[in-house]
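Please read the structure below before turning to the comments.
Per chain, numbering begins at 1; letters A, B, ... match sequence-line order. None of the values given here were measured: they were computed from a predicted structure. Heavy atoms only: backbone and side chains are in, while hydrogens, waters and symmetry mates are out.
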2 protein chains.
Amino acid sequence: MGDLTPEPGTPEPGDQPGDHSVDHSGDQPERPPSRRERARAATIEEIKQTALGLMREHGTTDFRFSDIARLMGMTAPALYRYFADRDELLTALIVDAYDDLGRAVADARDQVPLDDPGGRFTAVAHSYRRWAREEPERFALILGLPVPGYHAPEEGPTTEAARRAMAQLKSLFYEASQAGVLRPPMLSDDGTIAGLLAEHHAGKMESPIDGPPVPPETFQAMLHCWASMHGFTSLDAYGHLDWMPDVLRDAVFESSIRMVAKVAGLPEPRPRDG
Amino acid sequence: MGDLTPEPGTPEPGDQPGDHSVDHSGDQPERPPSRRERARAATIEEIKQTALGLMREHGTTDFRFSDIARLMGMTAPALYRYFADRDELLTALIVDAYDDLGRAVADARDQVPLDDPGGRFTAVAHSYRRWAREEPERFALILGLPVPGYHAPEEGPTTEAARRAMAQLKSLFYEASQAGVLRPPMLSDDGTIAGLLAEHHAGKMESPIDGPPVPPETFQAMLHCWASMHGFTSLDAYGHLDWMPDVLRDAVFESSIRMVAKVAGLPEPRPRDG
DNA sequence: TAGAACTGTTATGCTTCATAACAAACACGA
DNA sequence: TCGTGTTTGTTATGAAGCATAACAGTTCTA
């Protein structure tokens with residue numbers, strides 16, 4: 001992740017006083033943040049949290065600047081000191097959501113030992129679904145149709161964030177592949193996929209999935225896993241399976257996931273306590 | 001589909017002249033539609049098509065009344081003669097989308113003989129994906145997060161439309177199940193799913209899926225198929241797989257679908273010309 | 001052909017996004 | 001401590017959208 005920030009705290013010559021640009025870099029500056037800098041960061045965080053609260057309240061990916069301001073006890077124009085416009089706030093929320101989902105998935109995965117890739121995938125799938133069910137609006141924000149009126153910055157931070165998040169799933173398969181514990185997936189390929197992926201790894205195709213390459217059949221298996229768990233998850237998160245009782249949904253998801261893992265060549269998950 | 005309309009052309013006593021209620025029933029009235037009735041139907045259709053055009057143009061599920069009116073050479077308030085508000089128009093679009101998707105899926109399915117359920121499912125999956133790729137906004141409209149600000153009518157026509165659409169997938173499995181050509185699915189179940197589905201068929205659970213009941217394991221298999229094809233499809237339709245060349249996406253989808261069908265107990269699709 | 005019904009218009013009010021102009025609080029060096 | 005420039009808030013203002021009201025022309029029908 002690129003540490004390319006010019007020098008925190010050293011404003012560019014062209015910076016106007018009320019400039020909208022926000023420093024989202026997470027690396028610590030040499031000088032401790034000033035009182036004002038901390039206040040600013042806290043306000044930015046509060047704006048984002050308030051926006052998320054509104055999204056959750058209304059069950060959409062939409063929000064009104066005026067509502068955010070009202071809930072924060074401010075007037076709407078004050079928010080423009082922190083975000084240039086709605087799009088900039090949305091971009092920040094999207095990046096956060098990708099990072100948060102990626103972290104949730106990575107945490108769940110890493111609580112299962114490396115030598116149990118079946119269990120690691122099951123953990124990933126469950127955390128993916130749990131995250132989406134808890135935060136359907138943020139899930140829609142990153143993996144649904146773009147929000148009305150939103151125009152993503154070109155080649156921007158959202159793409160990078162997506163790359164990072166998806167890398168968490170890939171690394172699972174990469175490690176399993178490296179460890180040699182993957183059986184050949186049951187998925188068919190007449191050679192098309194392998195051939196195209198060869199080009200991909202030769203750099204002709206720009207994959208948003210970070211990290212070292214995996215064998216074609218592993219890549220195919222990974223996509224199969226992602227698509228399956230994503231399908232159930234998004235139907236579930238958006239309420240299209242609400243006619244099933246929770247226990248039934250859980251059971252169907254569990255059985256589907258285990259089957260998908262088996263098809264993908266992942267070994268049976270080792271029984272775990274908990 | 002309920003033919004419960006009071007009597008077309010016979011306005012209720014309470015009907016104000018400018019009443020917004022729209023007759024969406026498709027059954028032919030005894031008296032042929034008058035010049036005005038045809039004009040009205042045509043205008044309603046044009047409004048919906050214009051709204052869809054705007055959604056496609058902007059790549060969202062949103063639209064502006066004023067834009068629709070402008071494109072139609074009208075003023076915005078005129079639209080309220082046809083739809084009470086944005087929600088009513090959205091409801092009509094959602095119902096249309098469900099019906100259209102259901103029809104596309106049914107058409108594709110019925111072009112494959114009844115005794116080739118594997119081929120029928122493959123056809124369904126491909127048409128599902130094709131429809132979603134051609135109409136990502138309508139796909140999001142019905143299977144994504146609700147549109148900002150939209151409040152669906154309670155127990156309303158959208159639920160009914162969803163039921164009808166999903167019944168198309170179910171009937172495939174029902175027919176295969178009846179014909180006895182389904183092998184036992186490879187999906188696991190410790191009894192939870194079968195037990196809960198027994199309650200379901202006893203009427204304790206209200207499934208949105210129309211038609212006669214299918215055996216528990218078939219139901220589970222159907223959901224597995226739906227979730228998998230939906231996952232790939234929605235990732236694809238929303239552009240999250242755009243980094244893959246088309247041929248690769250097609251190949252991966254094809255192999256995933258065939259695998260899912262096999263897991264679900266559907267026989268290998270019979271080779272077809274075309 | 002006269003009245004009712006229908007379909008369009010302009011005028012209006014409310015709300016939102018966004019900018020401009022201005023005022024208070026703060027940081028910090030002389 | 002004071003004074004100056006920065007930061008962060010305010011009110012005022014404008015453009016655009018949803019929705020309703022009041023009104024006018026057109027079409028149907030008795």
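The interatomic distance linking Leu79(A) (CG) with dT19(C) (P) rounds to 13 Å, in whole Å. Look at CG on Leu71(B): it is 12 Å from P on dG17(D), rounded to the nearest Å. Counting to the nearest Å, the P atom of dC17(C) and the CE atom of Met74(A) are 14 Å from each other. The interatomic distance linking Leu89(A) (CG) with dC17(C) (P) rounds to 11 Å, in whole Å. Counting to the nearest Å, the P atom of dG17(D) and the CG atom of Asp85(B) are 18 Å from each other. As a whole-Å value, the separation of Leu90(B) CG from dC18(D) P is 11 Å. Separating the NE2 atom of His58(B) from the C1' atom of dG17(D) is a distance of 14 Å, rounded to the nearest angstrom.
Using a 4.0 Å cutoff on non-hydrogen atoms, the parts of residues 63-70 of chain A near DNA chain C are Phe63(A), Arg64(A), Phe65(A), Ser66(A), ordered by number.
Taking the six-membered ring where the residue is Trp, the centroids of Phe65(B) and Phe83(B) are separated by 6.0 Å or more. Checked against a 6.0 Å centroid threshold, the rings of Phe63(A) and His58(A) do not count as neighbours.
Note on Arg40(A) versus Glu37(A): no salt bridge recorded, every NZ/NE/NH1/NH2 to OD/OE distance being 4.0 Å or above.
For dG8(C), the OP1/OP2 oxygens have a side-chain nitrogen or oxygen of Tyr82(B) closer than 4.0 Å. An OP1 or OP2 oxygen of dT8(D) is reached within less than 4.0 angstrom by a side-chain nitrogen or oxygen of Arg40(A). Under 4.0 angstrom from either OP1 or OP2 of dG8(C) there lies no side-chain N or O belonging to Thr75(B).
Between Glu46(A) and Met74(A) there is no side-chain heavy-atom pair separated by less than 4.5 Å.
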Where do N or O atoms of nucleotides 24-28 of chain D meet protein N or O atoms at under 3.5 Å, pair by pair?
unit_1, atom_1, unit_2, atom_2, d
dT27(D), O4', Arg36(B), NH2, 3.4
dT27(D), O2, Arg36(B), NH2, 2.8

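The side-chain hydrogen bond (donor to acceptor under 3.5 Å, both in side chains) test applied to Arg103(A) returns Asp100(A), not counting sequence neighbours.
Under the 3.5 Å distance criterion, the side-chain polar atoms of Asp85(B) are matched with a main-chain donor or acceptor of Glu88(B).
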